[in-house]
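This is a predicted model, so every value here is computed, not measured. All residue numbers refer to positions in the sequence shown, counting from 1. Heavy-atom basis, side chains included; hydrogens, waters and symmetry copies ignored. Numbering of ligands and ligand atoms starts at 1, following listing order.
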Amino acid sequence: MKFFVDTAEVNEIAELNDLGMCDGVTTNPSLILKSGRDILEVTKEIANMVEGPVSAEVVALNADDMIAEGRKLAKIADNIAVKVPLTWAGLKTCKVLSEEGTMVNVTLCFSANQALLAAKAGATFISPFIGRLDDINLDGLDLIDDIRTIYDNYGFDTQILAASIRTVNHATECAKIGADVMTAPPSVIKKMAHHILTDQGLDTFMKDWAKTGQKIL
Ligand code: G3P
């Protein structure tokens with residue numbers, strides 16, 4: 001499973017990128033707001049740093065303007081994936097930009113039927129939002145499972161980009177289901193390294209090592 005980092009914070013992306021834990025980046029208008037940066041500037045900086053796809057989201061609501069915004073965003077760098085919402089206008093934009101050779105990430109997906117439409121419109125990525133379904137007492141992971149089944153049934157190339165990942169369990173379950181990519185905040189990716197038994201075991205080793213009186217360096 002590829003790891004995309006869901007943030008527009010350049011320093012956090014750099015740390016994960018240096019570790020080989022960043023196969024791409026996803027941003028959205030809320031993350032741009034949080035970063036306090038100009039969308040064109042920060043997207044360029046991220047796209048220059050990271051080899052993989054960097055999603056930058058359009059904000060127009062009609063197809064003509066979405067297409068124009070998408071074309072402008074796509075010019076930032078070769079690894080830009082234009083992110084469009086899963087609306088009818090977003091699907092039209094997806095079709096046009098995909099045919100022009102631009103990667104398209106169709107976002108705000110909350111149903112298997114929406115994912116089916118995105119694949120038929122030529123999406124490179126479909127972004128089902130797990131956490132936001134869990135928020136309303138539905139099971140976001142069931143949606144990932146359904147989309148995996150449907151895409152595999154028909155051999156769609158569209159990659160399942162599991163989004164709105166809030167917990168380390170979301171990450172594990174997405175990997176078990178076979179999501180192609182997960183996009184998660186840096187904090188969740190870092191938490192995947194934690195285990196209480198690792199901490200306890202290390203503590204014991206350190207205490208015993210101190211008793212030996214030895215040094216390696
Ligand atoms: O990738 C989508 C993500 O940024 C949304 O996450 O936690 O706001 O639902 P969240």
Write out each pair where an N or O from ligand 1 and one from the protein are under 3.5 Å apart, with the distance.
unit_1   : atom_1 : unit_2 : atom_2 : d
ligand 1 : 1 (O)  : Asp6   : OD1    : 3.3
ligand 1 : 1 (O)  : Asp6   : OD2    : 3.0
ligand 1 : 4 (O)  : Asp6   : OD2    : 2.6
ligand 1 : 4 (O)  : Asn28  : ND2    : 3.1
ligand 1 : 7 (O)  : Arg166 : NE     : 2.7
ligand 1 : 8 (O)  : Arg132 : NH2    : 2.8
ligand 1 : 9 (O)  : Arg132 : NE     : 2.7
ligand 1 : 9 (O)  : Ser164 : OG     : 2.7
ligand 1 : 9 (O)  : Arg166 : NH2    : 2.9

Fill in: Qualifying salt bridge (Lys or Arg N to Asp or Glu O under 4.0 Å) pairs with a residue from residues 115-130, counting only residues at least two apart or across chains
none
Worksheet item: Between Thr43, Asp6, Asn105, which is the residue that forms a side chain to side chain donor-acceptor pair (under 3.5 Å) with Ser55?
Response: Asn105
Worksheet entry | Donor-acceptor pair, side chain of Ser164 and main chain of Arg132, under 3.5 angstrom | yes
Worksheet item: Does any N or O in the side chain of Lys83 come within less than 3.5 Å of the main-chain N or O of Thr27, such that one atom is a donor and the other an acceptor?
Response: yes
Item to complete: Begin from the C-alpha positions of Phe4 and Val50 and carry the test side chain to side chain contact (heavy atoms under 4.5 Å, CB included) through to its verdict.
Response: CA-CA 10 Å; Phe4 287 2; Val50 170; over 6 Å; no
Discussion item. Is it the case that the side chain of Tyr154 and the backbone of Leu116 share a donor-acceptor pair, with hydrogens and angles ignored and the cut-off at 3.5 Å?
Written reply: no
